[in-house]
Protein chains: 2
Amino acid sequence: MGQEKGADDFAREDSLESLLGYQLKHLQSALRSKMDETLRPLELTTPQYNCLEQLRRRPGASNSELARGAFVTRQTMNTLLRGLQERGLIERPATAESGRILPTLLTSAGVEVLDQAISRVEAVSARMVSPLDDETQAMVTEALGLCIAALEEPENR
Amino acid sequence: MGQEKGADDFAREDSLESLLGYQLKHLQSALRSKMDETLRPLELTTPQYNCLEQLRRRPGASNSELARGAFVTRQTMNTLLRGLQERGLIERPATAESGRILPTLLTSAGVEVLDQAISRVEAVSARMVSPLDDETQAMVTEALGLCIAALEEPENR
DNA sequence: TACAGTATGTCAGAATACTTACATGGGTCA
DNA sequence: TGACCCATGTAAGTATTCTGACATACTGTA
């Protein structure tokens with residue numbers, strides 16, 4: 001991995017592919033592309049898929065809850081939900097029966113589309129991790145979790 | 001293939017934190033937040049920083065080249081470059097001397113800002129990987145590279 | 001009870017990135 | 001040379017996501 005780049009500076013290990021942040025972005029970008037591609041026949045975008053998937057795990061979740069799970073703002077999730085609601089894939093009461101929370105549920109049409117989406121996405125996901133044995137995959141996932149925790153910890157400010 | 005998943009659903013290993021794709025998105029989101037935060041005093045966004053950083057590695061790069069390296073479209077990179085150009089951080093000839101390519105260079109002001117930005121971003125990056133020993137970090141980075149290759153390979157279509 | 005602090009849903013506007021489209025330059029191959 | 005194909009830079013319009021703001025509802029505390 002030499003490449004001393006002589007001229008000006010940084011004779012460091014920065015070969016770009018060795019930077020975790022860069023690889024992260026690259027992989028994320030590639031994954032997003034492939035997911036959009038595989039979901040296009042179902043007329044779903046990746047964020048919409050993520051939303052439906054979350055709803056399967058947490059039926060009756062609130063807008064804010066879904067937003068946090070998808071790493072977007074409440075407002076973004078709200079517009080996402082509207083689109084899905086207009087297509088009849090989800091439903092939520094027009095008015096809250098308690099508090100302001102409008103619990104969201106998948107409709108049967110939503111479940112149907114989601115099932116197709118899941119099998120497609122899993123194919124992409126399987127392809128992504130195909131070069132990794134189970135042990136490596138688990139280690140990578142755990143390592144990423146540690147990185148997340150390190151970034152998010154309140155620290156001392 | 002399989003996917004019997006019994007009655008309702010998947011009593012599989014899907015605890016969400018065990019899904020590589022999810023961890024990927026989570027970490028990317030956290031990293032982006034921290035980078036924006038640390039770059040704000042310099043009035044740089046993360047994409048702008050990425051652009052400058054690329055220019056340091058490849059002085060004279062073309063718009064399209066930078067776009068590919070940053071995983072955005074040419075058009076997006078173009079608007080990004082205009083902003084940086086107006087701020088005097090980069091420069092490129094008004095007209096191409098050969099072909100259509102307008103080679104872009106950092107100005108001295110750009111280098112100055114970038115140097116500050118780099119030290120800040122490296123602090124964030126260091127914090128992110130702090131829970132990982134060098135060996136683990138290298139392994140993770142390599143594993144991500146394998147995933148990227150697996151996703152991007154032309155396959156057989 | 002009254003109050004402060006926090007969380008939620010939503011509206012409006014701005015920022016960001018993408019898609020579609022076109023003109024131009026370089027390259028290959030007959 | 002000419003025809004084709006591909007890459008580049010750019011423009012216009014659309015889509016997506018964010019920030020700021022506000023009203024409302026829950027929570028804990030005095």
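Each chain gets a letter, A, B and so on, in the order the sequences are listed, and its residues count up from 1. Remember, it's a predicted structure, so these values are computed and weren't measured experimentally.
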Can a donor-acceptor pair be found, under 3.5 Å and without considering hydrogens, that links the side chain of B/Ser119 to the backbone of B/Gln116?
yes

Less than 3.5 Å apart, which donor and acceptor atoms pair up between the side chains of residues 74-82 of chain B and the rest of the protein, not counting sequence neighbours?
residue: B/Thr76; atom: OG1; partner: B/Thr73; partner atom: OG1; Å: 3.0
residue: B/Asn78; atom: OD1; partner: B/Arg82; partner atom: NE; Å: 3.3
residue: B/Asn78; atom: OD1; partner: B/Arg92; partner atom: NH2; Å: 3.4
residue: B/Thr79; atom: OG1; partner: B/Thr76; partner atom: O; Å: 2.8

Whole-Å distance, B/Asp36 CG to C/dA15 P, equals 15 Å

Separation between CZ (A/Arg57) and CG (A/Leu55), nearest 0.5 Å, reads 11.5 Å

Q. Does B/Thr76 place a side-chain N or O at less than 4.0 Å from the phosphate oxygens OP1/OP2 of C/dC18?
A. yes

Please check if the number of heavy atoms outside A/Asp133 that lie under 6.0 Å from its CG is greater than 12. yes

Across all chains, not counting sequence neighbours, the side chain to side chain contact (heavy atoms under 4.5 Å, CB included) partners of A/Thr141 are A/Gln137, B/Leu20, B/Gln23

When rounded to whole Å, the CG to C1' distance for the pair A/Leu81 and C/dT8 reads 13 Å

Outermost contacting nts on DNA chain D, any atom under 4.0 Å from chain A heavy atoms, listed 5' then 3', are D/dT17 to D/dC26

5'-most contact on DNA chain C (nearest-nucleotide basis), A/Asn63 vs B/Val72, goes to A/Asn63

Checklist entry - Quick one: does A/Ser33's side chain have a donor or acceptor within less than 3.5 Å of a partner on A/Ser29's backbone? => result yes

5'-most contact on DNA chain D (nearest-nucleotide basis), B/Arg68 vs B/Arg82, goes to B/Arg68

Each nucleotide of nucleotides 21-27 of chain C classed B (base within 4.0 Å of a protein heavy atom), S (only sugar-phosphate) or -, in 5' to 3' order, makes B-BBSS-

Using only atom types and a distance under 3.5 Å, with no angle test, would you say the side chain of A/Thr104 pairs donor to acceptor with the backbone of A/Ser62? no

Separation of C/dT16 atom P from B/Arg32 atom CZ, nearest Å, is 9 Å

For A/Arg40, the side chain to side chain contact (heavy atoms under 4.5 Å, CB included) test, sequence neighbours excluded, returns A/Asp36

Here the gap from B/Arg32 atom CZ to A/Lys25 atom NZ, rounded to the nearest 0.5 Å, amounts to 9.5 Å

As a check of understanding: the bend across the helix from C/dT1-D/dA30 to C/dA30-D/dT1, end axes from five pairs, rounded to 10 degrees, works out to 30°

Rounded to the nearest 0.5 Å, the CZ atom of A/Phe71 sits from the CG atom of B/Leu27 at a distance of 9.5 Å

Does a side-chain N or O of B/Thr79 approach OP1 or OP2 of C/dT16 to a distance below 4.0 Å, or not? no

In this structure, SG of B/Cys147 is separated from CD of A/Gln28 (nearest 0.5 Å) by 12.5 Å

